[in-house]
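Chain letters run A, B, ... following the sequence lines, proteins first and then strands; every chain starts at 1. This structure is a prediction, so every number in the text was calculated from the model and none was measured.
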Amino acid sequence: MSDAFNRLAPFIQEYIYAHNWTELRAVQIAACKVIFDTDAHLLIAAATAAGKTEAAFLPVLTQLYENPANTIGALYIGPIKALINDQFERLNDLLKSADIPVYHWHGDVAQSRKNQLLKNPQGILQITPESLESLLINRNSELMRLFGDLRFIIIDEIHAFIGSERGCQIICQLQRLTKLTQTQPRRIGLSATLGDYSLAEDWLRSGTEKPVITPKIDAGKRQVKLAVEHFYLKNEIDESEVTAYEKYIFNLSKSRKCLIFANNRTQTESIISSFRQIAREQALPDIYHVHHGSISASLRQAAENAMREPNNPAVTAATLTLELGIDIGHLERVIQLESPLSVASFLQRLGRTGRRGAAADMRFICAENEPLSEASLPEQIPWQLLQCIAIIQLYLEERWIEPIKPIQYPLSLLYHQTMSILAATGELSPATLAKQVLSLPPFAAISQEDLKLILRYLIDIDHIHRTEQGKLIIGLAGEKIVGKFQFYAVFPDNPEYVVKQAATEIGSIVTPPPVGNQFALAGRTWEVLDVDFRKKSVSVKQVDGKATIYWRGGSGTIHTRVLQRMRQVLLEDIEYSYLQDKAQLCLEKSRQIVQNSGLDKQNILQLEKGKCCIFPWMGTVAYRTLERLLNSFCRESLEINSISGVSPYYFTIKLAKDKFKYLRQEIVLLCEQRISPEDLVSASEAPEIQKYDEFIPHPLLRKAFAKDYLDILELKQQVAKW
DNA sequence: GACCTGCTGCGGGCTG
């Protein structure tokens with residue numbers, strides 16, 4: 001046993017013996033070194049199942065054991081309740097024989113448990129950002145008693161936080177908390193899928209003086225089995241007919257423990273509904289589950305339990321709800337429908353299979369509508385298949401993962417934190433409030449003038465009230481927002497109708513169909529018996545057959561490097577060993593199409609007189625920027641009739657017959673000129689995207705949109721290659 | 001824009 005082992009607290013050493021761990025993992029040894037020998041923050045970036053949470057907790061618990069804190073000693077922040085419950089069980093197990101209490105705190109935890117912590121603030125607290133916000137607001141005067149001697153802050157799955165307002169919210173909370181306690185707890189961030197460590201380190205360190213150490217962990221050779229297959233779907237299909245595509249996936253998962261990932265809820269519903277039909281026809285047992293955001297907690301739990309059950313086969317179709325680190329036991333195979341949206345998501349999903357030594361087994365099944373005989377050039381390109389290959393290659397060749405860029409103008413969060421600070425403290429002078437808000441690291445790019453504009457506006461609409469003494473307090477309109485319990489979350493809640501079969505909750509839907517109509521949920525078909533619009537509930541009965549499904553699908557945000565690699569897939573003469581027969585054929589055919597059309601040499605092609613197509617090979621943000629450039633500056637000069645396209649793959653443009661030859665030159669010239677992002681946002685726009693954007697003055701929203709949702713620099717860099 | 005994630009404090013009625 002290693003030196004690190006010898007330095008662990010005795011109860012931890014005993015635990016390790018009792019569980020027959022033969023050695024500490026590399027990541028655990030590295031984490032011990034940093035925690036024991038330095039005073040730095042720690043970023044643990046290691047593959048899934050490498051024992052990251054133990055790596056964080058073993059040395060932290062040792063230090064708390066040797067030198068107990070007078071208050072809560074370590075704070076663990078996790079993105080979802082299920083993960084916190086999971087970690088709570090594991091930590092309880094580890095701490096059984098130690099004198100360190102562990103508490104979990106989120107919306108589902110009983111008030112009595114919370115009261116125990118408030119009475120005896122010691123040990124470890126595991127919490128969500130939303131519950132932490134409620135503590136900051138409602139227990140402001142007790143924070144010193146609770147957290148005055150806090151030593152460590154552990155943040156799990158940080159890739160799920162960085163780059164979102166929820167991640168910025170955490171940084172604000174830590175800043176507010178430690179400013180009050182006048183301490184500098186050490187931070188430990190955990191993630192398996194980080195592309196750019198320095199960006200993650202910057203995020204973790206925000207607002208503190210300590211450096212971050214990210215130990216280099218030798219990942220070791222992991223056996224990975226990948227296969228990609230491709231299907232063309234017929235355009236006019238009989239809904240009730242099971243297709244070859246569905247049969248193929250059915251057989252891949254048959255009698256196995258298998259997780260099927262899709263990019264939207266509709267696909268999870270559709271595939272499980274088909275599987276049940278096939279299973280019925282073949283007299284096979286129903287081992288099928290659906291897991292997504294609109295499935296009730298109890299049905300999700302049932303799916304998780306079935307997957308954890310060691311011996312019986314079970315198949316669950318899920319969206320990213322099963323991507324995070326909840327333990328779902330040993331899986332034999334992961335199937336991905338269509339292409340993943342990012343390398344990060346691919347790795348997160350791959351990490352669900354092949355735990356504990358076994359080879360990871362992941363199958364990709366791309367499906368595209370069969371191009372009609374009159375299909376245009378861009379419609380003949382198998383975009384899903386290309387994206388799938390590109391993402392796999394970026395990982396295999398370079399171990400590249402998308403870097404996560406910080407938000408520059410998190411204005412909705414600025415409103416939230418301003419109101420939260422006011423609610424917590426009662427009243428503040430304008431200068432003090434401004435100083436406190438602007439000292440929060442996520443608002444580094446916000447100027448005094450910007451904030452002044454926002455505060456004046458909030459006073460105008462009575463979210464903030466100025467007292468006769470010139471102090472600021474929450475106004476009447478603001479009270480209505482802050483007083484709601486939904487205030488604690490910085491993302492909006494989408495109120496949906498609860499679907500009930502008698503007393504059993506199935507899940508929820510956005511818009512209930514009329515009484516007598518049918519819809520699909522949890523892989524089954526339901527008929528509406530009654531809709532209660534006041535209680536927002538739908539009562540249903542189960543029926544046979546397949547019904548249309550309600551959610552829409554989309555393409556998400558894709559990085560420019562993925563598009564660039566897709567282009568290379570079309571141009572290079574390489575065979576990828578994981579391509580199955582139909583995928584191989586499909587790729588060969590599209591490489592041929594590219595050569596015949598000249599797409600290998602140009603980005604803009606004329607389809608017919610007065611109609612052309614642009615292939616920008618840029619990610620979603622640069623594509624959006626180009627779309628605005630075309631609309632704002634090219635419509636008149638090139639007599640453009642219409643611009644349409646499939647983001648971020650191509651644009652189809654109808655323009656005056658003689659103008660095609662000027663199109664490329666026009667775009668290149670525009671990009672060489674001094675165009676600023678602000679030129680691409682019109683003075684009449686009010687891009688309200690985040691939860692509290694509606695309370696932000698429109699000129700600021702436009703500025704934020706230009707900074708965070710457009711990227712002129714990247715557009716210029718890409719166009720320069722044309 | 002897809003996909004997700006989260007949530008207080010109370011009062012009333014029931015059980016042991």
Please figure out whether A/Gln111 or A/Phe705 has its closest DNA chain B nucleotide nearer the 5' end.
A/Phe705
Taking the six-membered ring for Trp and the single ring otherwise, decide whether the centroids of A/Tyr623 and A/Tyr649 are under 6.0 Å apart.
no
Look at all strands and tell whether A/Lys484 reaches a base, only sugar-phosphate, or nothing, counting heavy atoms closer than 4.0 Å.
nothing
Which whole-number value in Å describes the distance from A/Asn138 CG to B/dT8 P?
8 Å
For B/dC4, does either OP1 or OP2 sit under 4.0 Å from a side-chain N or O belonging to A/Arg265?
yes
In Å, rounded to the nearest 0.5 Å, how long is the span from SG of A/Cys258 to OH of A/Tyr288?
9.5 Å
Whether A/Trp617 and A/Trp383 hold their rings parallel, tilted or perpendicular, with breakpoints at 30° and 60°:
tilted
Between C1' of B/dC4 and CZ of A/Arg300, the distance in whole Å:
9 Å
Looking at A/Thr557, does any N or O in its side chain come under 4.0 Å of the phosphate oxygens OP1/OP2 on B/dG1?
no
OP1 or OP2 of B/dC4 under 4.0 Å from side-chain N/O of A/Thr319:
yes
Picking from B/dC3, B/dT8, B/dG6, the nucleotide nearest the side-chain atoms of A/Asp493 would be B/dG6
Using the side chain to side chain donor-acceptor pair (under 3.5 Å) rule, pick out the option among A/Gln175, A/Gln173, A/Gln169, A/Arg176 that qualifies with A/Gln417.
A/Arg176
Can you tell which of B/dG6, B/dC4, B/dG1 lies closest to the side chain of A/Thr321?
B/dC4
For atom CD of A/Glu165 and atom P of B/dT5, their distance in whole Å
18 Å
Taking NZ, NE, NH1 and NH2 as the nitrogens, is one of them in A/Glu130 or A/Arg166 under 4.0 Å from a carboxylate oxygen of the other?
yes
Return the value, rounded to whole Å, for the distance between atom CD1 of A/Ile80 and atom P of B/dC7.
11 Å
How is A/Arg349 classified with respect to the nucleic acid when contacts are heavy atoms under 4.0 Å: base, sugar-phosphate, or nothing?
nothing
For A/Ser131, report the nucleic acid contact type (base, sugar-phosphate, nothing); a contact means any heavy atom under 4.0 Å.
sugar-phosphate
How many Å lie between CG on A/Leu324 and P on B/dT5, as a whole number?
9 Å
To the nearest Å, how far apart are A/His106 NE2 and B/dG6 C1'?
11 Å
Do A/Phe491 and the base of B/dT5 stack face to face, with centres under 5.5 Å apart and an angle between planes under 30°?
yes
Separation of B/dG6 atom P from A/Gln173 atom CD, nearest Å, is 15 Å
Near-ring test A/Phe487/A/His416, centroid separation under 6.0 angstrom:
yes
Remember a base hit wins even if backbone is also touched, and classify A/Phe261 as base, sugar-phosphate or nothing at under 4.0 Å, heavy atoms.
nothing
Between A/Phe485 and B/dC7, do the rings stack, that is, sit under 5.5 Å apart with planes less than 30° off each other?
no
Is there a donor N/O on one and an acceptor N/O on the other, under 3.5 Å, for the side chain of A/Arg166 and the base of B/dG6?
no
In whole Å, what is the span from the NE2 atom of A/His104 to the P atom of B/dC7?
11 Å
Closest approach to the side chain of A/Leu320, judged atom by atom: which nucleotide of B/dC4, B/dG1, B/dC7 is it?
B/dC4
